[in-house]
Amino acid sequence: MDWPDSTKRMQEAWIGRSEGAELLFALENSALGDLKVFTTRPDTVFGVTFMVIAPEHPLVDALTTPAQREAVAAYRKQAAAKSDLERTDLAKGEKTGVWTGSFAINPANGQKIPVWIADYVIMGYGTGAIMAVPAHDERDYAFAQKFNIPVIQVIEPDHAEGRNGHGTTKLPYTGDGRLVHSNGYSGLPWEEAKKKITADLAARGRGQATINYKLRDWLFSRQRYWGEPFPIVWENGQHRSIPESELPLLPPTLEDFKPTGTPEPPLSKATDWVQYSATAKRELNTMPQWAGSCWYYLRYCDARNSERFVGEAAEKYWMGGGKPGGVDLYVGGTEHAVLHLLYARFWHKVLFDLGYVSTPEPFQRLVNQGLILGEDGQKMSKSRGNVVNPDDVVREYGADALRLYEMFMGPLEQVKPWSMKGVEGVYRFLARVWRLVMEVDDEGVWSLSKALQDVPANKQLTKALHETIKKCGEDIEKLSFNTAISQMMVCTNAFTGAEVKPAGAIVTFLKVLSPFAPHLAEELNAQIRAKFPNLAAKRFLSDETWPAYDPAALIEDEVEVVFQVNGKLRDKARVPVAATKEEIEKIALASARVQEFMEGKPAKKVIVVPGKLVNVVV
RNA sequence: GCCGAUGUGGUGAAAUGGUAAACACAGCGGACUUAAAAUCCGCUGGGAGGCAACUCCCUUGCCGGUUCGAGUCCGGCCAUCGGCACCA
């Protein structure tokens with residue numbers, strides 16, 4: 001896939017695949033059964049000195065001894081009051097927790113170890129319980145330090161980096177190495193020990209290798225009117241889908257679709273609609289916006305198909321093409337890197353596995369356009385009052401100027417601040433283009449300019465035009481719209497300076513301009529067509545093919561070559577393009593300024609880059 | 001902390017390892033105008049010297065390296081922004 005690495009990495013991090021093992025620790029009170037933990041480091045199981053379970057773990061009550069009941073209750077209350085942010089970010093390093101009063105048995109060596117409750121373990125990941133190895137985990141180490149829990153080193157680094165001055169291991173040590181203090185496993189490299197310990201515990205029914213994912217659910221319902229209603233009804237406390245013949249299910253027409261002010265979603269106001277039958281009621285939640293954003297690109301291929309989400313032929317035509325991704329180019333903000341762009345891939349993958357689409361991935365090439373900031377350089381937001389409304393810009397400067405400015409601001413991927421002055425700048429550029437073709441009389445009436453004539457462009461204008469065709473064509477492919485526009489400005493400035501405006505060349509220029517400023521370009525083409533029907537596009541510029549440039553028109557007879565002495569610019573001269581390296585070198589060495597800076601010393605080396613420069617090293 | 005991106009004029013920015021600052025904005029000067037706006041033309045990185053045309057030196061976050069030549073490549077640092085941390 002041709003996606004930015006940063007987006008791929010964000011998705012990888014979001015999915016958070018991690019290989020490890022689930023291990024069973026028998027509880028000392030055998031009536032309670034086992035405590036299951038997830039760990040990526042089964043090789044450190046001999047270094048476990050305590051267990052931690054999340055405050056929400058279902059075994060908390062059973063594990064809490066009468067003596068600890070009060071402390072545990074207080075801690076759970078305190079943990080529940082914290083937001084996720086407080087639990088993870090703000091509390092970083094500062095560990096809290098409380099002992100349950102109970103013990104578990106290490107399946108590797110039969111040791112009795114205390115079970116704690118701490119909110120650095122979250123219920124939503126893994127099993128909500130961990131085996132804590134303070135010698136080889138920073139969080140466990142911080143916790144052990146705070147509560148004076150023993151630290152047992154079981155990994156010895158192979159390299160010096162893990163050790164401090166006296167040759168002892170710096171703890172916590174989370175790198176690679178060999179096992180120590182681990183009974184029969186001592187001496188094994190850690191990777192090998194991971195597999196062996198997991199396999200041995202599995203053989204005794206005390207664990208198994210597993211893969212865990214950090215990926216979380218994304219809520220698929222909203223309490224609002226605008227959104228696809230679910231084709232689900234409820235009857236006797238059970239839900240079931242409505243028959244296929246009733247699809248598609250459309251939202252009921254409502255005059256008042258505002259929130260109810262109660263926990264009931266707005267659809268509850270459609271009382272007739274809600275009562276599906278004497279005994280069944282419809283689901284009142286609606287789907288979120290991402291229900292549509294996950295597959296709209298498929299529907300766009302065949303939007304009027306009433307039989308299928310997308311017709312097979314249309315899907316193959318638009319989405320096929322031999323590459324793994326269907327959509328050729330998808331431009332969107334980084335803010336969609338993990339949610340929209342990840343879930344759209346999931347949906348597409350399901351459809352692919354079911355054989356309904358022809359590519360495994362939805363989007364072949366992804367470009368993240370940069371966020372546009374407010375004029376103050378801050379993120380646009382209502383509270384900051386720096387929001388720019390595009391409707392206002394369109395009203396004042398026109399849609400072409402808005403479009404053009406957005407492209408002219410800078411590189412597509414870059415974050416950049418809005419500037420009204422910048423909009424005026426491109427607006428002025430468009431006005432200059434307008435005046436290449438049109439002129440105004442004393443009454444303020446615009447008509448076709450008399451300077452516009454059916455004559456061939458002179459050499460200089462031809463060169464400017466063909467350079468523009470070439471550069472804009474290349475820049476569009478690279479999505480470098482800002483530099484394409486600056487080249488069009490250069491070209492326009494060249495035409496502005498000419499006494500007579502060659503109409504044919506201007507029409508060609510308008511073809512280049514039209515993807516950027518379609519309204520203006522089409523209007524000017526229509527104006528020109530009225531007088532020069534053979535020069536202008538017959539219908540629309542947008543029907544025309546992209547103009548070809550003539551490489552011969554770009555070549556000049558002479559080029560400027562700069563002369564350097566020891567890498568510093570000292571002189572320049574115009575030399576014929578056809579000049580050989582030897583000829584250019586001769587001209588350079590003959591230059592009075594070059595000789596002056598050579599200070600009579602012989603040239604040690606002369607580098608000649610034809611058409612560019614000569615560097616004399618003395 | 002970890003991962004990633006970005007550092008160039010007063011501002012947005014440009015530059016296949018080859019004239020740093022194209023194109024625009026802002027500013028300054030001029031033309032047109034009774035005047036203003038609009039438009040057109042010119043100047044506009046910093047410093048020094050010269051009446052002047054001009055000349056020299058410095059300049060792409062900082063330090064070092066590679067190279068005839070570095071904004072660009074390599075190494076190290078610093079700063080800012082984004083993600084890890086559930087709006088779609």
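A note on names: the letters A, B, ... follow the listed sequences, proteins ahead of strands, and every chain is numbered from 1. Below, all heavy atoms of this structure are taken into account, side chains as well, without hydrogens, waters or symmetry copies.
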Extract from the structure each pairing of a protein N or O with an N or O of nucleotides 3-9 of chain B at less than 3.5 Å, listing the distance.
none

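- The side-chain heavy atoms of A:L215 and A:L342, taken from C-beta on, include a pair separated by under 4.5 Å.
- For the C1' atom pair drawn from B:C25 and B:A13, the interatomic distance equals 10 Å after rounding to whole Å.
- Applying the 90° criterion around 0 to the glycosidic angle, B:G42 comes out anti.
- Taking the ring axis of A:Y120 as reference, the NZ or CZ atom of A:K95 stays within 45° of it and closer than 6.0 Å to the ring centre.
- By the salt bridge (Lys or Arg N to Asp or Glu O under 4.0 Å) test, A:R574 is found to be paired with A:E558, residues two or more places apart in sequence or in another chain being considered.
- With salt bridges taken as basic N to acidic carboxylate O contacts below 4.0 Å, none links A:D400 and A:R403.
- Note on A:W218: a side-chain N or O is less than 4.0 Å away from OP1 or OP2 of B:A88.
- Within a 6.0 Å radius of CZ in A:R139, no more than 12 heavy atoms belonging to other residues, nucleotides or ligands are found.
- For the OP1/OP2 pair of B:U19 and a distance below 4.0 Å, the side-chain nitrogens and oxygens of A:K572 include no atom meeting the criterion.
- Cation-pi check for A:R570 over A:F597 is met; the charged atom lies under 6.0 angstrom from the ring centroid and within 45 degrees of its normal.
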Validation: residues 1-9 of chain A side-chain donor-acceptor distances under 3.5 Å, sequence neighbours left out:
residue	atom	partner	partner atom	Å
A:W3	NE1	A:F363	O	2.8
A:T7	OG1	A:N368	OD1	3.0
A:K8	NZ	A:M1	O	3.4

Between protein and nucleotides 56-61 of chain B, what N or O pairs are separated by less than 3.5 Å?
residue	atom	partner	partner atom	Å
B:C56	OP1	A:R593	NH1	2.9
B:C56	OP1	A:R593	NH2	2.3
B:C57	OP1	A:R570	NH1	3.4
B:C57	OP1	A:R570	NH2	3.1
B:C57	OP2	A:R570	NH1	3.2
B:C58	OP2	A:K568	NZ	3.0

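- With sequence neighbours excluded, the residues forming a side-chain hydrogen bond (donor to acceptor under 3.5 Å, both in side chains) with A:T468 are A:Q487, listed by chain and number.
- RNA chain B forms stems at B:1-7 with B:78-84, B:10-12 with B:23-25, B:27-31 with B:39-43, B:45-49 with B:54-58, B:61-65 with B:73-77, each a run of 3 or more consecutive Watson-Crick or G-U wobble pairs whose two key distances fall under 3.5 Å.
- Under the side chain to side chain contact (heavy atoms under 4.5 Å, CB included) criterion, A:F257 pairs with A:Y225, A:W226, A:L254, not counting sequence neighbours.
- Residues from residues 477-486 of chain A lying near RNA chain B, meaning a heavy-atom separation below 4.0 Å, are A:N482, A:T483, A:S486 in numerical order.
- Remark: A:Y405 pairs with no residue by the side-chain hydrogen bond (donor to acceptor under 3.5 Å, both in side chains) rule, at least two apart or across chains.
- When the P atom is compared between B:C78 and B:A20, the two are found 31 Å apart, to the nearest whole Å.
- When the shell of 6.0 Å around NZ of A:K146 is examined, it contains more than 12 heavy atoms from other residues, nucleotides or ligands.
- Taking atom C1' in both B:A36 and B:C87, the straight-line distance is 49 Å, to the nearest Å.
- Nucleic acid contact class of A:R139 (heavy atoms, under 4.0 Å, all strands): none.
- Heavy atoms of A:F429 sit nowhere under 4.0 angstrom from any nucleic acid atom.
- Near-neighbour residues of RNA chain B inside residues 283-300 of chain A, defined by a heavy atom below 4.0 Å, number-ordered: A:Q289, A:W290.
- Residue contacts for A:V617: at a heavy-atom cut-off of 4.0 Å it reaches the sugar-phosphate backbone alone, with no base atom in range.
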Throw together a table of side-chain donor-acceptor distances under 3.5 angstrom for residues 429-444 of chain A, partners on residues two or more places apart or in other chains.
residue	atom	partner	partner atom	Å
A:R432	NE	A:N493	OD1	3.2
A:R432	NH2	A:N493	OD1	2.7
A:E439	OE2	A:K450	N	3.3
A:E439	OE2	A:K450	NZ	2.5
A:D441	OD1	A:E443	N	2.9
A:D441	OD1	A:G444	N	3.0
A:D441	OD1	A:V445	N	2.9

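- A:E138 comes within 4.0 angstrom of no nucleic acid atom, judged by non-hydrogen atoms across all strands.
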Scoring nucleotides 25-49 of chain B by protein non-hydrogen atoms under 4.0 Å (B base, S sugar-phosphate only, - none) yields SS------------SS---------

